[in-house]
Amino acid sequence: DNSQIAKLALLAKDGLVDEEDVRMVRTAMIAMNAGRLPTLPQRTVLMKMLGTLVDMITADPSMFSRMRTELRSKDDE
């Protein structure tokens, strides 16, 4: 979905990943959206980004709680 890629690219630009990795995040997401496997360097950047997201979610009690609530509500559907 292009809107998801655009939102993720915006977060990447805002500091979710190193400045030099922003373009790689976008190209990796486009590749995955097209059903292709990202390259090894792209996967490395995506894994670093995932680690940053996990750190952010677990460090902020309100963000963690909101995530749990969202996940539980999806289980009920």
When rounded to the nearest 0.5 angstrom, what is the spacing between CG in Asn2 and NZ in Lys7?
-> 12.0 Å

Of the non-hydrogen atoms in Ala9 and Arg26, which two are nearest, and what is the gap between them?
-> CB-CD, 4.5 Å

May I ask whether Met29 and Leu10 are part of the same hydrophobic cluster, defined by side-chain heavy atoms of I, L, V, M, F, W, Y residues being less than 4.5 angstrom apart, directly or through others?
-> no

ILVMFWY network linking Ile30 to Val45, side-chain heavy atoms under 4.5 angstrom | yes

How long is the gap from CE on Met67 to CG on Leu53, to the nearest 0.5 Å?
-> 8.0 Å

Output yes when a side-chain donor or acceptor of Arg43 lies under 3.5 Å from a complementary backbone atom of Pro38, and no otherwise.
-> yes

Quick check: are there more than 12 heavy atoms from other residues, nucleotides or ligands sitting under 6.0 Å from CD of Glu19?
-> no

Side chain proximity check, Leu16 to Met56, heavy atoms < 4.5 angstrom | yes

Hey, is CZ on Arg23 packed in by over 12 heavy atoms from elsewhere, all under 6.0 Å?
-> no

Apply side-chain contact (heavy atoms from CB on, under 4.5 Å) to the pair Met49 and Leu8, showing each step before the final yes or no.
-> CA-CA 10 Å; Met49 185 177 69; Leu8 192 56; 3.9 Å; yes

Are Phe64 and Leu71 linked, directly or through other ILVMFWY residues, by side chains that come within less than 4.5 angstrom of each other?
-> yes

Main-chain N/O of Pro61 paired with Ser65 side-chain donor or acceptor, under 3.5 Å = no

Nearest-0.5 Å distance, OG1 of residue Thr69 to NZ of residue Lys74 = 12.5 Å

Work out which heavy atom in Ala28 is nearest to a heavy atom in Leu46; give both atom names and the distance.
-> CB-CD1, 3.7 Å

Supply the atom-to-atom distance Asn33 CG to Gln4 CD, rounded to the nearest 0.5 angstrom.
-> 7.5 Å

Hey, does the side chain of Asp18 reach the backbone of Glu20 with a donor-acceptor pair shorter than 3.5 angstrom?
-> no

In Å and rounded to the nearest 0.5 Å, what is the CG to CE distance from Asp21 to Met24?
-> 5.5 Å

Could you go step by step and tell me if Val25 and Gln42 meet the side-chain contact (heavy atoms from CB on, under 4.5 Å) rule?
-> CA-CA 7 Å; Val25 167; Gln42 289 171 338; over 6 Å; no

